[in-house]
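These notes are about the structure you will find just below.
Numbering of residues begins at 1 and proceeds along the displayed sequence.
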Amino acid sequence: MTGAQVTRILLEDRRAVGVEYFKGGALHSERATHEVLLSAGALLSPQVLMLSGIGNGAHLQRLGIDVVHDLSGVGEHLHDHPDVVTVVDGPGLNDSFGLSLKGAMRLLNGIFEWKSRRTGMLTTNFAEAGGFLKSSAAQAVPDLQLHFVIGKLVDHGRKTVWGHGYSCHVCLLQPKSRGRITLASADALAAPQIDPAFFADPDDLQKMIGAVKTMRQILAQPALTQLGGTELAYSANAQTDEQIAAYIRDYADTIYHPVGSCRMGSGPMDVVDAQLRVHGIQGLRVVDASIMPRIVSGNTNAPVIMIAEKAVDLIRAAR
Ligand SMILES: Cc1cc2nc3c(=O)[nH]c(=O)nc-3n(C[C@H](O)[C@H](O)[C@H](O)COP(=O)(O)OP(=O)(O)OC[C@H]3O[C@@H](n4cnc5c(N)ncnc54)[C@H](O)[C@@H]3O)c2cc1C
């Protein structure tokens with residue numbers, strides 16, 4: 001059902017029997033024939049569970065929500081790939097995407113070429129190159145990832161920046177820091193509180209300082225410097241470790257891979273079992289990025305599809 005927001009899971013004697021949802025200005029409900037599958041993502045699946053009375057009992061009571069099942073791990077262990085972007089611009093970079101008269105002409109030509117021949121600049125996925133690196137030779141597998149973008153990317157592309165250039169992201173693939181999702185209020189239509197707690201563990205910040213230096217070494221290679229760009233001042237001014245740490249704290253952000261907030265496992269802080277069933281509740285599974293016990297060392301979309309396909313097998317086997 002589109003245009004509907006689930007406000008809570010309907011529970012009878014600790015069994016999920018359906019959902020309540022908000023649509024067209026009114027509350028409705030729907031009964032499940034077999035079981036309820038919650039797939040609201042790592043930021044919102046914990047919210048729906050908590051609104052349904054499944055979560056940290058003390059937290060729910062403070063908000064006046066009846067506790068159906070005290071499950072403290074709901075919303076905990078949130079993590080992501082903390083990321084920082086360096087932007088390079090310059091007059092010699094006019095072939096990249098950007099805002100200028102020449103850029104607008106190229107874009108118009110690109111639209112024409114795409115419509116007529118399905119080729120040209122509009123075939124880009126923007127993040128045209130990437131890389132996986134080890135922060136040190138001692139690492140068994142890469143723990144840093146680069147995304148290279150053929151445009152000036154500031155504030156996730158929400159800020160309009162004039163001119164042409166390129167951007168390079170670097171992120172930590174296995175951060176130690178863990179954040180949390182909590183409810184801001186019992187109002188199901190209000191956003192939850194999201195605390196990513198990036199760099200709460202000092203090791204993450206140290207590793208990120210090294211990562212920024214490695215990224216700069218790559219950007220300083222002749223293949224790129226021959227194009228004549230200059231790193232924007234907000235990051236270029238950070239040269240000492242202390243300055244780089246401050247730049248990271250000011251500018252680091254998500255690369256959109258939140259996971260872990262309904263962690264799979266068998267411990268007291270885990271939310272779902274190996275069949276993705278919510279501990280202590282019948283007829284309820286969580287099927288999304290929130291169940292990852294530990295983030296994958298790469299982009300999360302394909303692994304989430306894999307989780308969903310595995311869930312299909314589990315559900316069929318249970319019928
Ligand atoms: C901007 C961006 C770029 C990304 N780029 C990449 C990439 O290039 N490669 C890659 O691998 N991954 C990428 N990702 C990550 C990838 O999209 C996610 O890991 C993946 O979509 C997570 O799947 P999910 O099912 O857990 O959650 P989601 O895809 O977030 O799905 C959750 C759905 O539940 C809905 N929902 C939430 N709450 C409710 C409610 N109460 N009632 C009804 N519906 C609700 C949401 O609207 C949403 O449709 C990107 C993410 C973003 C945000």
Side-chain angles (χ1 to χ4, degrees), residues 1-78 180-194 258-266 268-292 304 307-308 310-319:
M1 186 176 295
T2 57
Q5 184 167 344
V6 170
T7 47
R8 69 187 170 102
I9 293 154
L10 299 175
L11 295 154
E12 290 172 2
D13 298 330
R14 292 193 177 209
R15 166 170 280 282
V17 295
V19 293
E20 178 190 79
Y21 62 95
F22 188 77
K23 184 178 166 88
L27 280 176
H28 309 267
S29 64
E30 199 70 51
R31 298 280 295 190
T33 48
H34 290 277
E35 56 180 310
V36 174
L37 308 175
L38 176 58
S39 303
L43 303 179
L44 297 174
S45 279
Q47 182 190 29
V48 174
L49 287 179
M50 288 187 271
L51 290 168
S52 314
I54 304 165
N56 181 301
H59 174 54
L60 300 183
Q61 275 167 353
R62 264 198 302 280
L63 294 168
I65 296 172
D66 290 339
V67 181
V68 176
H69 183 45
D70 190 346
L71 194 57
S72 296
V74 173
E76 297 295 318
H77 310 116
L78 173 71
R180 64 180 48 82
I181 305 287
T182 49
L183 292 180
S185 81
D187 177 359
L189 302 183
Q193 282 180 326
I194 303 166
V259 303
S261 53
C262 298
R263 191 173 71 176
M264 177 172 61
S266 53
M269 289 300 284
D270 296 320
V271 176
V272 297
D273 67 11
Q275 310 267 310
L276 306 180
R277 297 172 299 205
V278 174
H279 288 301
I281 301 288
Q282 300 293 309
L284 178 59
R285 291 183 216 249
V286 181
V287 187
D288 59 31
S290 70
I291 65 96
M292 286 190 202
V304 172
I307 290 166
K310 173 75 179 172
V312 170
D313 293 343
L314 296 171
I315 293 160
R316 281 188 177 142
R319 288 274 180 99

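A distance-only check finds no donor-acceptor pair linking the side chain of Arg15 to the backbone of Ile281 [under 3.5 Å]. At distances below 3.5 Å, not a single donor-acceptor pair connects side-chain atoms of Asp270 with backbone N or O atoms of Val272.
You'll find the side chain of Ile194 stays beyond 4.5 Å of the side chain of Arg180, heavy atoms only. Under the 4.5 Å side-chain criterion, counting only non-hydrogen atoms from C-beta, Arg285 is not in contact with Leu38. Put simply, the side chain of Ser72 reaches to within 4.5 Å of the side chain of Met269, judged on heavy atoms. In this structure, Ile307 and Leu276 have side chains that are in contact, with non-hydrogen atoms separated by less than 4.5 Å. Using a 4.5 Å cut-off on side-chain heavy atoms (C-beta onward), Lys23 and Gln5 make no contact. Side chains of Glu35 and Ile315 form a contact here, defined as non-hydrogen atoms less than 4.5 Å apart.
To the nearest 0.5 Å, atom NE2 of residue His279 and atom SG of residue Cys262 are 11.0 Å apart.
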Name the atoms and distances for all side-chain donor-acceptor pairs under 3.5 Å in residues 50-61, with sequence neighbours left out.
from, atom 1, to, atom 2, distance (Å)
Ser52, OG, Ile9, N, 2.8
Ser52, OG, Val48, O, 2.6
Asn56, OD1, Ala58, N, 3.0
Asn56, OD1, His59, N, 3.1
His59, NE2, Leu183, N, 3.0

Start with the C-alpha gap between Val74 and Val278, add the side-chain angles, then the distance that decides, and say whether side-chain contact (heavy atoms from CB on, under 4.5 Å) holds.
CA-CA 10 Å; Val74 173; Val278 174; over 6 Å; no
Determine, stepwise, if the pair Met264 / Met292 fulfils side-chain contact (heavy atoms from CB on, under 4.5 Å).
CA-CA 6 Å; Met264 177 172 61; Met292 286 190 202; over 6 Å; no
Just do the side chain to side chain donor-acceptor pair (under 3.5 Å) check on Ser290 and Asp288 with the steps written out, would you?
CA-CA 5 Å; Ser290 70; Asp288 59 31; 2.5 Å; yes
Between Val271 and Ile291, does the side-chain contact (heavy atoms from CB on, under 4.5 Å) criterion hold? Intermediate values first, please.
CA-CA 8 Å; Val271 176; Ile291 65 96; over 6 Å; no
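In this structure, Glu76 does not pair ionically with Arg263, as no charged nitrogen and carboxylate oxygen lie closer than 4.0 Å.
Screening residues 24-44 for ring pair (Phe, Tyr, Trp, His ring centres under 6.0 Å) gives Tyr21-His28 as the qualifying pairs, with residues at least two apart or on separate chains.
Here the closest heavy-atom approach between residue Ser39 and residue Ser45 is recorded as C-OG, 4.0 Å. Taking each heavy atom of Val36 and Ala16 in turn, the nearest pair found is CG2-CB, 3.9 Å. Pro46 approaches Ser261 most closely through the heavy-atom pair CG-OG, 3.4 Å.
Within 6.0 Å of CG in Asp13 there are 12 or fewer heavy atoms belonging to other residues, nucleotides or ligands.
Taking the salt bridge (charged side-chain N to carboxylate O under 4.0 Å, His left out) definition, one finds that Arg319 meets it with nothing, sequence neighbours left out. With sequence neighbours left out, Ala308 forms a side-chain contact (heavy atoms from CB on, under 4.5 Å) with Val287. Partners of Leu44 under the side-chain contact (heavy atoms from CB on, under 4.5 Å) rule, at least two apart in sequence or in another chain, are Ala40, Gln47, Pro192. For Leu10, the side-chain contact (heavy atoms from CB on, under 4.5 Å) criterion is met by Arg8, Val17, Glu20, Ser29, not counting sequence neighbours.
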